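What follows is one structure encoded as structure tokens, with my remarks underneath.
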2 protein chains.
Amino acid sequence: MARGRADDPDHGVELLWRAGDREPRQGLSLPRIVRAAVELADDEGLAGLSMRKVADRLGFTTMSLYRHVPGRGQLVDLMLDEVLGEHPQAPETGGWRARLEAVARHAWEIRKRHPWLAEVRGSRHVPGPNAVAHYDYMLSTLAGTALRPSEVIAVVGMVGRFVDAEALVLVETRREERRSGVSEEEWWGSRDSLYERLDRYPTLSHLWTAGGWDHPEDSFDFGLRRLLDGVEVLVRQRDEIRDEMCAECGGPLEPAPSGRPRVYCSRACQQRAYRRRRNG
Amino acid sequence: MARGRADDPDHGVELLWRAGDREPRQGLSLPRIVRAAVELADDEGLAGLSMRKVADRLGFTTMSLYRHVPGRGQLVDLMLDEVLGEHPQAPETGGWRARLEAVARHAWEIRKRHPWLAEVRGSRHVPGPNAVAHYDYMLSTLAGTALRPSEVIAVVGMVGRFVDAEALVLVETRREERRSGVSEEEWWGSRDSLYERLDRYPTLSHLWTAGGWDHPEDSFDFGLRRLLDGVEVLVRQRDEIRDEMCAECGGPLEPAPSGRPRVYCSRACQQRAYRRRRNG
DNA sequence: CTTTGCTGTTTATGCCGTACACATAGTAGT
DNA sequence: ACTACTATGTGTACGGCATAAACAGCAAAG
């Protein structure tokens with residue numbers, strides 16, 4: 001096995017989704033390689049992850065890895081699913097907002113433990129079972145709202161990108177601090193030759209003297225709150241619309257004589273929805 | 001010149017902020033290097049930007065570049081400011097929301113022209129004059145609101161990261177499509193071996209059959225709207241608070257007998273604010 | 001006329017991913 | 001029991017990357 005060329009995605013799917021491989025008592029094995037790679041990336045970041053170093057860590061030659069993994073790219077895919085498997089989503093209760101916030105904070109925690117997660121780039125990473133489980137759970141937080149399917153997907157995508165963007169700045173500052181031995185604050189504090197030239201920028205100067213940089217907001221908390229507020233605006237909007245129209249055909253909804261809120265405009269629509277739910 | 005080592009940030013400041021260098025009629029020069037590098041990155045992305053290729057494009061040897069630029073990192077800093085200089089911020093009118101949206105869309109356009117902008121990583125890029133001008137303008141859009149200084153800064157940071165995150169997925173898909181000759185849609189459409197395994201994920205399946213992926217939201221437009229909605233919630237909240245307290249000392253505000261909204265609680269506060277505005 | 005500094009070149013070091021040919025060992029088939 | 005095949009690990013090599021260090025030519029300054 002592992003004979004597929006590095007650019008055969010289907011082989012990657014196979015590697016990701018086959019479960020419970022027996023691990024040989026000695027020698028290399030895919031899970032061992034992946035775990036070593038995760039450790040390495042935790043220590044040195046994704047840029048510091050090289051096939052050579054992974055092999056060294058395991059006490060084998062570089063090329064031995066290629067007997068088990070098609071290449072570096074696929075190794076990263078496998079690492080992704082590995083760490084998501086270590087942090088299963090704990091089902092939360094509450095409204096959509098509480099659950100979505102919990103899911104975002106969970107992703108944030110995972111990225112603090114494995115900072116390289118946010119550094120993974122590329123649009124064609126085959127998701128493994130754990131990644132899909134996470135994604136499905138994120139989607140489920142909004143499934144109960146009146147958001148349209150495409151909107152649910154868009155919101156989840158946005159939240160994911162938000163967490164990654166925040167994690168990315170975090171890991172970058174951390175790494176530069178570790179590499180140079182100079183803290184971010186110190187480094188920027190030493191840029192006098194830069195600050196000398198900033199007088200001519202009015203708003204910047206004003207916010208500076210007003211102390212805007214002295215007690216900055218927590219970037220993640222602040223951003224997450226704004227983001228959820230923005231989603232909430234949309235959810236409320238959709239809820240209002242839902243209250244006025246048929247959930248199946250979108251037609252107008254006459255108020256029920258009983259005063260109880262109606263969902264479908266006719267018995268026909270109600271049954272169509274029921275059948276759709278059974279089949280799909 | 002250009003004798004500073006690659007890890008001397010002050011030398012980078014010097015390079016970025018000195019204006020109007022005379023360009024020699026022939027031979028290398030910093031502006032020519034930067035322009036060639038921008039062209040290259042436009043074509044091949046930031047990962048495709050190498051000192052070798054820049055030098056080739058100019059018809060010089062690799063090492064000749066190092067006579068003018070300390071290293072690749074500083075070159076990227078210079079490229080950043082170069083392209084921001086090509087797209088000056090057009091002053092917009094309107095409320096904070098219209099202006100902030102315009103500024104975000106402007107940044108989005110720049111990133112579509114120079115996709116590598118979003119790929120620039122690292123927390124210690126010295127900003128050049130054009131970068132600072134852009135930043136100052138972004139800050140100014142919110143200066144008229146009741147947001148606290150730290151909140152203005154946080155919002156601007158969030159918007160910037162949002163645009164970069166969206167630009168990043170765009171450039172990544174584009175590049176993979178160009179590299180492989182297979183469109184994103186085709187590629188994912190060919191992953192049958194993956195889709196076979198997704199039945200067990202309920203929300204995912206439900207949204208799939210509901211057609212959530214058939215007509216996806218425009219990621220940038222959708223996200224920007226949510227984001228601005230979220231900021232608006234905060235602005236409104238702060239405005240309410242502002243209406244109830246003194247803009248200078250934060251103390252309670254008694255309603256004026258005339259009914260006209262008051263801003264300061266006392267003449268003393270009004271004068272303090274006036275003096276502060278004159279000095280800062 | 002020589003010294004100095006600016007500019008470009010040459011060579012070399014140490015990373016990286018991975019293609020390819022080879023060695024070895026265990027196993028299935030006869 | 002002998003053979004052929006397969007799985008697994010190794011060694012060497014190629015092309016690409018950033019950049020350090022030494023060197024060569026040339027122009028202006030002394």
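Because the structure is predicted, anything quoted here is derived from the model rather than measured. Below, chains carry the letters A, B, ... as their sequence lines are ordered, and counting in each starts from 1.
- Taking side-chain N and O atoms only, His68(B) has no distance below 4.0 Å to OP1 or OP2 of dC6(C).
- Listed for the Asp42(A) side chain is no donor-acceptor partner under 3.5 Å among the backbone atoms of His114(A).
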For nucleotides 10-12 of chain D, tabulate all protein N/O to nucleotide N/O atom pairs closer than 3.5 Å, reporting atom names and distance.
unit_1: dT10(D); atom_1: OP2; unit_2: Thr61(A); atom_2: N; d: 3.0
unit_1: dT10(D); atom_1: OP2; unit_2: Thr61(A); atom_2: OG1; d: 2.8

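- Listed by chain and number, the residues in a side-chain hydrogen bond (donor to acceptor under 3.5 Å, both in side chains) with Ser140(B) are Arg99(B) (sequence neighbours excluded).
- Applying the side chain to side chain contact (heavy atoms under 4.5 Å, CB included) criterion to Glu186(A), with sequence neighbours excluded, gives Val182(A), Ser183(A).
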Residues Tyr135(A), Ile153(A); criterion side chain to side chain contact (heavy atoms under 4.5 Å, CB included); working and verdict: CA-CA 10 Å; Tyr135(A) 189 48; Ile153(A) 293 159; 3.8 Å; yes
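- Near DNA chain D, meaning a heavy atom under 4.0 Å from it, residues 36-50 of chain B has Leu49(B), Ser50(B) in order of number.
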Could you write out DNA chain C as dot-bracket? Rules: Watson-Crick or G-U wobble, both distances under 3.5 Å, brackets [ ] for crossings, | for pairs with another strand, dot for unpaired. ||||||||||||||||||||||||||||||
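- Of the options Glu184(B), Glu177(B), Glu176(B), a side-chain hydrogen bond (donor to acceptor under 3.5 Å, both in side chains) to Arg124(A) is made by Glu184(B) and by none of the others.
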Take Arg174(A) and Ser123(B) through the test side chain to side chain donor-acceptor pair (under 3.5 Å) and record every step on the way to the result. CA-CA 9 Å; Arg174(A) 287 248 180 99; Ser123(B) 58; over 6 Å; no
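- Of the residues in residues 172-182 of chain A, not one comes within less than 4.0 Å of DNA chain D through any heavy atom.
- Judged as a side chain to side chain contact (heavy atoms under 4.5 Å, CB included), and not counting sequence neighbours, the contacts of Trp17(A) are Val13(A), Pro129(A), Val132(A), Leu194(B), Arg197(B), Leu198(B), Tyr201(B).
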Arg191(B) and Asp10(A): salt bridge (Lys or Arg N to Asp or Glu O under 4.0 Å), yes or no, with the steps? CA-CA 7 Å; Arg191(B) 296 282 73 71; Asp10(A) 287 330; 3.1 Å; yes
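- Residues passing the side-chain hydrogen bond (donor to acceptor under 3.5 Å, both in side chains) test with Arg178(B): none are found, sequence neighbours excluded.
- In this view, Glu172(A) and Leu168(A), Arg121(B) satisfy the side chain to side chain contact (heavy atoms under 4.5 Å, CB included) rule, not counting sequence neighbours.
- With hydrogens and angles disregarded, no donor-acceptor distance shorter than 3.5 Å links the side chain of Arg175(A) to the backbone of Leu170(A).
- Residue pairs meeting the salt bridge (charged side-chain N to carboxylate O under 4.0 Å, His left out) criterion with at least one member in residues 78-90 of chain A, sequence neighbours excluded, do not occur.
- When rounded to the nearest whole Å, the span between OH of Tyr66(B) and C1' of dA22(D) equals 17 Å.
- In this structure a side-chain-to-backbone donor-acceptor pair under 3.5 Å is missing from Lys53(A) to Leu40(A).
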Enumerate, atom names and distances included, each donor-acceptor pair closer than 3.5 Å involving a side-chain atom of residues 54-61 of chain A, sequence neighbours excluded.
unit_1: Arg57(A); atom_1: NH1; unit_2: Glu39(A); atom_2: OE1; d: 3.3
unit_1: Arg57(A); atom_1: NH2; unit_2: Asp43(A); atom_2: OD2; d: 3.2

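- Under the salt bridge (charged side-chain N to carboxylate O under 4.0 Å, His left out) rule, Glu109(A) has a single partner from Arg111(A), Lys112(A), Arg105(A), which is Lys112(A).
- DNA chain C is contacted by Met51(A), Arg52(A), Lys53(A) of residues 51-58 of chain A, taking any non-hydrogen atom closer than 4.0 Å.
- Rounded to a whole Å, the CD atom of Gln74(A) is 15 Å from the P atom of dG17(C).
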